[in-house]
Protein chains: 2
Amino acid sequence: MKKTREEICEITYIDKKKVSAVKKKMKPEMTMQRLSETFKALGDATRTKIIFALSQEELCVCDMAHLLGTTKSAVSHQLRVLRNMKLVKYRKDGKIVFYSLDDEHIKNLFDEGIRHVKEM
Amino acid sequence: MKKTREEICEITYIDKKKVSAVKKKMKPEMTMQRLSETFKALGDATRTKIIFALSQEELCVCDMAHLLGTTKSAVSHQLRVLRNMKLVKYRKDGKIVFYSLDDEHIKNLFDEGIRHVKEM
DNA sequence: TTGATATATGAACAATCATTCAACTATTCA
DNA sequence: TGAATAGTTGAATGATTGTTCATATATCAA
């Protein structure tokens with residue numbers, strides 16, 4: 001009888017102790033989920049550029065569209081993703097909405113990323 | 001005549017000076033591309049967990065699969081993504097391949113991310 | 001050599017995603 | 001009030017992605 005389907009429970013442990021030690025240290029599922037969502041939010045060229053631009057200056061949607069050479073709609077859609085992940089905040093001034101980074105962390109996170117990229 | 005299609009060139013500038021000032025500061029396209037790819041590589045729950053696990057211990061594929069409750073194949077596929085982005089490195093010991101974080105940055109980047117998530 | 005095990009990988013499929021277009025709200029100002 | 005402008009949003013669409021399954025490669029041990 002040939003077994004083809006790989007089942008989780010049949011995988012061999014190489015170092016069971018090590019695995020349970022690491023398992024204990026793992027963050028809660030919720031934390032991991034949010035963390036990956038945060039990175040995912042930064043993981044798109046348009047959004048990366050938005051974040052970088054906002055690390056330099058507070059900007060309105062219209063000017064971001066200009067800066068990135070795309071449409072206001074596309075920018076607005078991406079800003080919602082960043083808003084949802086609490087990466088940017090905004091203030092309204094009449095018709096115009098000005099966006100900026102939500103807090104200092106974001107810039108640190110970003111700078112750390114740039115440092116990694118430079119050493120690739 | 002009603003204009004429906006939004007064209008890039010027709011967007012109004014709100015603050016042209018500000019836009020060109022930020023434009024000058026923008027990193028090269030290549031840097032932005034790599035940066036977003038790096039974040040994207042971290043932006044998946046399976047890969048996030050792999051990175052966290054490796055920040056604790058060097059691990060083989062088999063044990064990672066156990067730890068995450070998934071298959072070796074799934075882990076292996078995700079490790080390739082992380083390898084491509086130079087986020088993990090590996091050493092071979094006989095049949096077994098041990099993975100670890102490529103450098104210290106990665107942990108910093110990750111910790112900065114966790115700090116953000118905790119303040120959400 | 002043969003069988004077993006650790007890992008890698010290609011193809012396929014469903015799910016997710018970014019952008020576009022059209023339509024909508026809200027605000028200004030004439 | 002009504003036209004113009006800034007921004008948001010829903011639906012549609014093509015592209016990308018994560019997992020699974022099957023198979024391939026590499027190493028070890030008998």
Side-chain angles (χ1 to χ4, degrees), chain A residues 1-8 10-15 19 33 36-37 39-50 58-85 88-99, chain B residues 1-8 10-15 19 33 36-37 39-50 58-85 88-99:
Chain A
M1 188 195 81
K2 192 152 179 276
K3 178 169 53 69
T4 51
R5 177 110 193 282
E6 177 189 43
E7 289 169 44
I8 293 165
E10 296 185 17
I11 300 174
T12 331
Y13 276 105
I14 301 298
D15 188 338
V19 173
Q33 208 64 43
S36 69
E37 275 168 30
F39 284 127
K40 188 186 283 179
L42 296 169
D44 165 83
T46 302
R47 293 192 295 263
T48 303
K49 288 174 194 167
I50 290 175
E58 178 188 68
L59 287 165
C60 67
V61 179
C62 194
D63 282 353
M64 281 187 254
H66 257 293
L67 190 65
L68 307 189
T70 184
T71 61
K72 287 179 285 180
S73 179
V75 170
S76 185
H77 275 297
Q78 300 305 352
L79 282 169
R80 184 172 42 167
V81 175
L82 297 172
R83 248 167 22 226
N84 286 344
M85 294 316 295
V88 301
K89 62 177 190 285
Y90 62 95
R91 69 181 177 87
K92 232 182 147 178
D93 184 5
K95 275 185 298 191
I96 303 175
V97 180
F98 288 100
Y99 281 85
Chain B
M1 187 196 83
K2 190 151 181 280
K3 178 167 58 66
T4 51
R5 177 111 193 279
E6 179 190 42
E7 289 169 43
I8 293 166
E10 295 183 19
I11 301 176
T12 331
Y13 275 106
I14 301 296
D15 189 339
V19 173
Q33 208 63 43
S36 69
E37 275 169 30
F39 284 126
K40 189 186 284 178
L42 296 168
D44 165 83
T46 302
R47 292 192 296 264
T48 303
K49 287 173 194 169
I50 290 175
E58 177 188 67
L59 287 165
C60 67
V61 179
C62 193
D63 283 353
M64 281 187 255
H66 258 292
L67 190 64
L68 308 189
T70 184
T71 61
K72 289 180 283 179
S73 180
V75 171
S76 186
H77 274 296
Q78 301 304 353
L79 283 168
R80 183 171 43 168
V81 176
L82 296 172
R83 245 164 28 222
N84 287 343
M85 294 315 296
V88 301
K89 61 179 192 283
Y90 62 94
R91 68 181 177 86
K92 230 180 147 182
D93 183 5
K95 275 183 297 190
I96 303 174
V97 179
F98 288 100
Y99 281 85

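Sequence lines set the chain letters: A, B, ... in the order given, protein chains first and strands last, and positions in each chain run from 1.
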Sub-3.5 Å pairs of nitrogen or oxygen atoms, protein against nucleotides 13-19 of chain D:
{"unit_1": "dT17(D)", "atom_1": "OP1", "unit_2": "Lys40(B)", "atom_2": "NZ", "d": "3.4"}
{"unit_1": "dG18(D)", "atom_1": "OP1", "unit_2": "Arg47(B)", "atom_2": "NH1", "d": "3.0"}
{"unit_1": "dG18(D)", "atom_1": "OP1", "unit_2": "Arg47(B)", "atom_2": "NH2", "d": "2.7"}
{"unit_1": "dG18(D)", "atom_1": "OP2", "unit_2": "Arg47(B)", "atom_2": "NH1", "d": "3.3"}
{"unit_1": "dT19(D)", "atom_1": "OP1", "unit_2": "Thr46(B)", "atom_2": "OG1", "d": "2.9"}
{"unit_1": "dT19(D)", "atom_1": "OP2", "unit_2": "Gln78(B)", "atom_2": "NE2", "d": "2.4"}

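Remark: P of dT7(C) and CD1 of Ile50(B) are 12 Å apart, rounded to the nearest angstrom. One atom, NZ of Lys72(B), and another, C1' of dT5(C), lie 7 Å apart when rounded to the nearest Å. Asp15(B) places its CG atom 15 Å from the C1' atom of dA6(D), with the value rounded to the nearest Å. Summarising the geometry, the separation between CG on Leu68(B) and P on dT20(D) is reported as 12 Å, rounded to the nearest angstrom. Distance, Ile14(A) CD1 to dC28(D) C1': 12 Å, rounded to whole Å. Atom pair Tyr90(B):OH and dA26(D):P shows a separation of 13 Å (rounding to whole Å applied). At whole-Å resolution of the value, NE2 in His66(A) and P in dG7(D) are 11 Å apart. What separates CZ of Arg80(A) from P of dT8(D) is a distance of 10 Å, to the nearest Å.
Applying the side chain to side chain contact (heavy atoms under 4.5 Å, CB included) criterion to Ile14(B), with sequence neighbours excluded, gives Cys60(A), Cys62(A), Asp63(A), Ile96(A). Scanning for side chain to side chain contact (heavy atoms under 4.5 Å, CB included) contacts around Lys95(A) gives an empty result, with sequence neighbours left out.
For Gly43(A) against Lys40(B), the heavy-atom pair with the smallest separation is O-CE, 3.1 Å.
Taken to the nearest 0.5 Å, the OH atom of Tyr90(B) stands 13.5 Å off from the CD atom of Glu58(B). One distance of note links CG of Leu42(B) with CD of Glu37(B); it measures 12.0 Å at 0.5 Å rounding.
Ser73(B) contributes no side-chain N or O that forms a donor-acceptor pair with the base of dT7(C) under 3.5 Å.
Within the 4.0 Å cut-off from OP1 or OP2 of dT8(D), at least one side-chain nitrogen or oxygen of Tyr99(A) is found. Using a 4.0 Å cut-off, some side-chain N or O of Arg83(B) falls inside it from OP1 or OP2 of dT9(C).
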Going 5' to 3' through nucleotides 24-30 of chain C and flagging B where a protein heavy-atom sits under 4.0 Å of the base, S where only the sugar-phosphate is that close, and - otherwise, we get --SBS--
Please tabulate, for the side chains in residues 75-83 of chain B, all donor-acceptor contacts under 3.5 angstrom to protein atoms that are two or more places apart in sequence or on a different chain.
{"unit_1": "His77(B)", "atom_1": "ND1", "unit_2": "Arg80(B)", "atom_2": "NH2", "d": "3.4"}
{"unit_1": "Gln78(B)", "atom_1": "OE1", "unit_2": "Arg47(B)", "atom_2": "NH1", "d": "2.7"}
{"unit_1": "Arg83(B)", "atom_1": "NH1", "unit_2": "Tyr99(B)", "atom_2": "OH", "d": "2.9"}

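Annotation: the terminal axes of the helix from dT1(C)-dA30(D) to dA30(C)-dT1(D) meet at 20°, where each axis is the rotation carrying the C1' atoms of four end pairs onto the next four (5 pairs per end, rounded to 10°).
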